[in-house]
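Please read these numbers as outputs of a predicted model, since none were measured by experiment.
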Amino acid sequence: MDDKDMVTGVFEAHRDHLRAVAYRMLGSLSEADDAVQEAWLRFSRTDTSDVQNMGGWLTTVVGRVCLNMLRARRTRGEEPLEMRMPDPVVSTVDGVDPEHEALLSDSVGLALLVVLQTLEPAERLAFVLHDMFAVPFDEIAPIVDRTPAAARQLASRARRRVRGVTAEPDPDLSRQREVVDAFMAASRAGDFDALVAVLDPDIVLRVDQGALATGRWLELRGALTVAKQALMFQRLAQVAQPVLVNGAPGLISAVGGKVMAVGAFTIAGGKVVAMDILADVDRLSTLDLTAVEQP
């Protein structure tokens with residue numbers, strides 16, 4: 001094995017982990033792949049002979065790349081990050097696909113990724129690297145040009161914001177599926193009362209309808225308000241099939257083999273506390289949904 005093969009082998013051993021880091025940072029599968037590729041280019045051009053913890057070193061490299069990408073989004077004046085649904089990772093109900101296992105190793109739900117997008121880039125990096133991947137603040141600090149104590153404060157601030165708006169999902173996946181099935185049955189029947197009964201009083205519904213849609217981003221709160229969208233749910237439910245979205249029960253709706261929507265549910269306390277729906281058909285067409293058979 002020559003030196004080039006050895007360098008490639010070292011990086012490939014960490015690729016899945018680095019992609020998982022980048023996905024949490026960016027919320028985009030394609031951009032995560034771009035970030036990992038950029039990390040590879042930096043790695044291949046750097047003398048790492050004195051690096052003792054290669055996994056940690058590569059994690060900080062991809063973290064720095066992602067931070068620069070987040071900052072570049074804002075420099076270009078792109079739409080606020082919270083106005084774009086993160087890319088869902090869709091698997092069959094039989095279980096998460098092997099290629100997605102590392103990506104979703106800590107069951108990062110779509111609702112959590114939505115909240116992460118509302119954080120400042122430096123906060124997001126500190127939270128993701130420390131709270132999700134146990135990177136020490138001494139290693140995070142140089143990336144964000146702060147002291148370790150300041151980096152700790154960034155993560156703490158992010159943690160408070162995340163915990164304040166996200167619920168801990170019920171641990172029993174089969175019970176979660178029962179709640180989603182009840183929601184779908186009520187939607188198909190147009191049963192308003194049954195729909196309200198399965199929704200948490202403070203449920204939040206977020207729908208990304210795409211850049212070309214009028215009122216691209218829809219966000220509604222409260223069981224009664226959300227249930228009034230029953231007609232929309234009814235249309236989706238008629239052509240929906242169960243799937244896993246980021247490892248949790250969800251649905252995928254397709255017409256004539258074309259995916260029209262992917263929905264993720266957050267179930268806590270036996271109720272639907274959050275629904276996140278990507279209904280941007282242009283973006284959906286770019287996702288790899290080949291593992292999920294379409295009717």
Side-chain angles (χ1 to χ4, degrees), residues 1-78 81 84 86-87 89 98-106 108 112-113 116-117 119-155 158 246 283 286-288:
M1 179 182 294
D2 59 26
D3 290 344
K4 183 178 179 180
D5 289 339
M6 184 175 297
V7 169
T8 301
V10 169
F11 188 84
E12 289 301 319
H14 296 281
R15 179 180 289 276
D16 288 345
H17 165 77
L18 298 178
R19 190 167 184 250
V21 173
Y23 176 56
R24 286 153 182 74
M25 282 292 298
L26 301 169
S28 164
L29 294 168
S30 62
E31 288 185 350
D33 288 336
D34 290 342
V36 172
Q37 181 61 25
E38 176 62 25
W40 156 249
L41 293 175
R42 296 189 185 190
F43 171 68
S44 63
R45 298 167 182 168
T46 304
D47 180 5
T48 57
S49 58
D50 60 344
V51 175
Q52 296 183 356
N53 180 2
M54 189 59 68
W57 187 87
L58 286 170
T59 298
T60 58
V61 169
V62 83
R64 190 183 298 275
V65 170
C66 291
L67 182 63
N68 291 338
M69 292 174 73
L70 289 177
R71 287 171 172 169
R73 286 179 183 174
R74 298 194 172 191
T75 301
R76 292 193 301 268
E78 292 184 6
L81 298 181
R84 185 177 188 270
D87 288 344
V89 179
E99 66 177 291
H100 294 156
E101 287 180 354
L103 197 64
L104 303 175
S105 58
D106 55 359
V108 58
L112 174 58
L113 290 175
L116 290 182
Q117 289 187 138
L119 302 177
E120 292 297 319
E123 291 177 342
R124 187 168 183 174
L125 180 133
F127 178 80
V128 168
L129 291 192
H130 181 267
D131 285 42
M132 294 185 170
F133 295 99
V135 177
F137 289 116
D138 286 348
E139 297 177 19
I140 295 173
I143 306 176
V144 293
D145 297 321
R146 310 284 178 93
T147 65
R152 184 185 298 274
Q153 285 298 108
L154 287 173
N246 288 54
R283 280 185 59 202
T286 68
L287 299 180
D288 181 11

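For the pair Arg15 and Val36, the tightest heavy-atom approach, listed with the atom from each and the gap, is NH1-CG1, 3.5 Å. Closest approach of Leu119 and Arg124 over heavy atoms only: CD1-CA, 4.0 Å. The two residues Asp47 and Asp50 have their closest heavy-atom pair at O-OD1, 4.1 Å. The minimum heavy-atom distance linking Thr59 with Gly55 is given by the pair OG1-O, 2.8 Å. Across Val62 and Ala22, no two heavy atoms sit closer than the pair CG2-CB, 4.4 Å. For the residue pair Ile140 and Ala126, the shortest heavy atom distance occurs at CD1-O, 4.0 Å.
In this structure the side chain of Leu129 reaches within 4.5 angstrom of the side chain of Ile143, judged on heavy atoms. Residues Asn246 and Tyr23 have side chains in contact (heavy-atom distance under 4.5 Å, counting atoms from C-beta outward). No side-chain heavy atom of Arg146 sits under 4.5 Å from any side-chain heavy atom of Gln153. Looking at heavy atoms from C-beta onward, Val65 lies in side-chain contact with Arg42 at the 4.5 angstrom threshold. Counting only heavy atoms from C-beta outward, the side chains of Met54 and Trp57 approach each other to under 4.5 Å. By the 4.5 Å heavy-atom criterion applied to side chains, Val10 and Thr48 are not counted as neighbours. With contacts defined as side-chain heavy-atom distances shorter than 4.5 Å, the pair Val51/Phe43 does not qualify. With a 4.5 Å cut-off on side-chain heavy atoms, Arg64 and Leu125 do not count as touching.
Taking OG1 from Thr286 and CG from Asp87, the interatomic distance works out to 6.5 Å, rounded to the nearest 0.5 Å. Separation of atoms CE (Met132) and CG (Leu116) is listed at 5.0 Å; rounding is to 0.5 Å. A distance of 7.5 Å separates OG in Ser28 from CZ in Arg283, rounded to the nearest 0.5 Å. In this structure, CD in Glu38 is found 13.5 Å from CG in Asp33, a value given to the nearest 0.5 Å. Rounding to the nearest 0.5 Å places CG of Leu18 at 9.5 Å from CZ of Phe133. A distance of 10.0 Å separates CG of Leu41 from OG1 of Thr46, quoted to the nearest 0.5 Å.
Checking side-chain atoms of Arg24 against main-chain N and O of Ala20 turns up a donor-acceptor pair under 3.5 Å. Side-chain atoms of Glu139 never come within 3.5 Å of backbone atoms of Pro136 as a donor-acceptor pair (strictly under, hydrogens ignored).
Ring orientation note: the planes of Phe137 and His130 are close to parallel, at an angle under 30° on the 30°/60° scale.
More than 12 heavy atoms of other residues, nucleotides or ligands lie within 6.0 Å of CD in Glu12, so this atom counts as buried by the packing criterion.
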